[in-house]
Amino acid sequence: AEKLDVEERDERTLLLVGDEDGEPLSEFEDRTAGFTDLTMHVIEGMTHYDWTDDATEKELEKQGTTATRPQSETRAEALGLLADFLDYSKGG
């Protein structure tokens, strides 16, 4: 989400970011400052639009970067991290 206005979040939160997402990873530090239980994973080779099946040419152009790994690999990694996070969250 763009520029979240977060004062404080104390629930468990997962942030999955592609290292080819089109903006520096340092930008995410500003957006996550109010989270107290944040798990962040950077997925090598993934772009913002690797989550979608129908990104338009205009959206891909705006992205400014391209994936360096196949979408099937980056999605599988991201979904595995999500499953692990959900399992962890159920237990504690």
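All values below were derived from every heavy atom in this structure, side-chain atoms included, with hydrogens, water molecules and symmetry-related copies excluded. The model shown is predicted, which means the values in this text are computed figures rather than measured ones.
Considering all non-hydrogen atoms of both residues, D50 and Q71 come closest at O-NE2, 3.0 Å. In terms of heavy-atom proximity, A78 sits nearest to I43 at CB-CD1, 3.4 Å.
Using a 4.0 Å cut-off between charged nitrogen and carboxylate oxygen, E20 and R69 do not count as a salt-bridge pair.
A distance of 11.5 Å separates OG1 in T65 from CE in M46, rounded to the nearest 0.5 Å. We find the OH-NZ distance between Y49 and K62 to be 6.0 Å, quoted to the nearest 0.5 Å. In this structure, D37 CG and S89 OG are separated by 8.0 Å, a value rounded to the nearest 0.5 Å. The OG1 atom of T39 sits 11.5 Å away from atom CG of L82, with the distance rounded to the nearest 0.5 Å.
A donor-acceptor pair under 3.5 Å links the side-chain atoms of E59 to the main chain of T56, judged by distance alone. Panel note: side chain D19, backbone G45; a donor-acceptor pair is recorded below 3.5 Å.
Listed by chain and number, the residues in a side-chain contact (heavy atoms from CB on, under 4.5 Å) with L38 are T13, L15, T32, F35 (sequence neighbours excluded). By the side chain to side chain donor-acceptor pair (under 3.5 Å) test, D54 pairs with no residue at all, sequence neighbours left out.
When hydrophobic clusters are built by joining Ile, Leu, Val, Met, Phe, Trp and Tyr residues whose side-chain heavy atoms come closer than 4.5 Å, directly or via intermediates, Y88 is not grouped with L81. A continuous path of ILVMFWY side-chain contacts below 4.5 Å connects L79 to L16, so both sit in one hydrophobic cluster.
With a 4.5 Å cut-off on side-chain heavy atoms, F85 and H41 do not count as touching.
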